[in-house]
Amino acid sequence: MRIEEELKLDFKDVLFRPKRSTLGSRAKVELKRGYAYRHSGRHSETVPIIAANMDTVGTFEMAAALADHHMHVALHKHYRVEDYVTFFNDNNHPVHQYAFYSLGITDADIEKFRMVKNATGNAIEFVCIDVANGYTETFIDFVKRFREAYPKTTIMAGNVVTADVTEALILAGADIVKVGIGPGSVCTTRKMTGVGYPQLSAIIECADAAHGLGGFICGDGGCTVPGDVAKAFGGGADFVMLGGMLAAHDESGGEIVHEHGKTYRKFYGMSSDLAMEMYSGGVAKYRASEGKVVTLEARGPVDYTVQEILGGLRSTCTYVGARTLKALSKCTTFVRVTQQINEVYGRAS
């Protein structure tokens with residue numbers, strides 16, 4: 001046993017230090033970024049925010065809504081084969097060019113992907129290979145074999161939180177490494193296992209490792225307000241994945257509940273009792289639930305939330321003198337704090 005004494009930070013532990021800027025308006029900030037992927041050889045230009053591959057976030061409807069903003073969706077993996085085929089064969093190519101097909105590492109997952117791939121040709125450009133624990137040799141080997149089988153597909157793989165396995169995944173064939181263990185709003189991994197890593201420090205360390213190899217990272221989890229999204233990019237994230245911030249919208253899916261004259265939607269972790277009951281016949285005897293179920297007041301169309309997130313990002317960039325989102329990390333100095341905001345009148349809605 002050993003203890004690492006070096007301080008690790010989360011989004012709540014820092015604020016951006018403002019700097020002199022020549023930007024006269026938030027409107028002059030460019031949020032789209034261009035990417036050249038190490039392994040697939042593909043290029044893309046996008047606003048690098050990704051809706052999480054949860055069945056209460058990563059839906060076809062969310063893909064259509066976010067494509068209007070040049071943003072990505074990681075589709076959840078529980079649609080039927082014919083539903084995926086219809087989506088990826090749709091003529092509305094601006095929509096599905098932003099979509100990640102998500103899969104795990106079971107034989108059933110790979111067989112399902114092959115069936116969709118065979119029926120859709122080259123329509124699937126992005127794949128998200130997603131497991132809770134990206135530290136197993138089985139997972140790294142799967143990424144390597146998937147890369148060999150599909151050399152022109154852009155692969156995002158995770159989740160991890162340290163530099164060593166970030167490097168291992170990129171060398172195995174991942175173009176983007178997904179970073180985060182336990183920071184999600186409906187994830188209970190840290191409570192159930194005691195495993196995790198403060199998300200901002202994880203992003204900083206994994207970004208440094210990935211960029212040295214020509215790879216990218218996606219910060220996954222822990223963002224609760226637009227300022228957190230900006231901090232993730234400031235720390236070096238190339239993409240940021242959002243779950244709870246995009247949940248409970250019209251496009252999010254999730255069971256609708258009516259109580260006391262108000263409308264709510266259920267939102268839950270994909271390792272929760274509810275999710276495993278729906279898709280795996282219940283929680284297996286060898287494991288425990290690592291997610292929770294919450295009921296959120298319905299938020300209406302997602303466009304307003306997207307406007308808030310992107311508006312916050314533009315404002316951050318003007319405060320630190322970054323003309324583009326890509327330049328934000330180069331313009332970032334974080335200051336450690338003990339308090340984020342004044343909550344004397346309660347948290348603002």
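Taking the six-membered ring for Trp and thresholds of 30 and 60 degrees, F60 and Y84 have ring planes more than 60 degrees apart, a perpendicular arrangement. Using a 30° and 60° split on the angle between ring planes, Y150 and F146 fall in the tilted class, from 30° to 60°. Classification of the H96-F87 ring pair by plane angle, with boundaries at 30° and 60°, yields perpendicular.
Nearest heavy-atom pair across V127 and T153 is CG2-CG2, 3.5 Å. Of all heavy-atom pairs between M245 and P226, the closest is CE-N, 3.8 Å. Contact between H72 and L66 at its shortest, heavy atoms only, is O-CD1, 3.7 Å.
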Go through F16 and F334 one step at a time and tell me if the ring-ring contact (aromatic ring centres under 6.0 Å, His included) criterion holds. CA-CA 5 Å; F16 285 94; F334 287 127; 5.0 Å; yes
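For an aromatic pair to be called close, the ring centres must be under 6.0 Å apart, and Y35 with H43 fails this.
Note that CE of M62 and NE2 of H249 are 7.0 Å apart. Values are rounded to the nearest 0.5 Å. Atom-to-atom distance recorded for T166:OG1 and H211:NE2 is 10.0 Å, nearest 0.5 angstrom.
Each of K152, R147, R38 was scored for a salt bridge (charged side-chain N to carboxylate O under 4.0 Å, His left out) with D175, with one residue passing: R147.
Salt bridge annotation for D220-K178: present, with a cationic side-chain nitrogen under 4.0 angstrom from a carboxylate oxygen. With respect to the salt-bridge test (charged N to carboxylate O, under 4.0 angstrom), the residues K112 and D109 do not qualify. By the 4.0 Å N-to-carboxylate-O rule, D13 lies too far from R336 to be salt-bridged with it.
No continuous path of ILVMFWY side-chain contacts below 4.5 Å connects V116 to M156, so the two sit in separate hydrophobic clusters.
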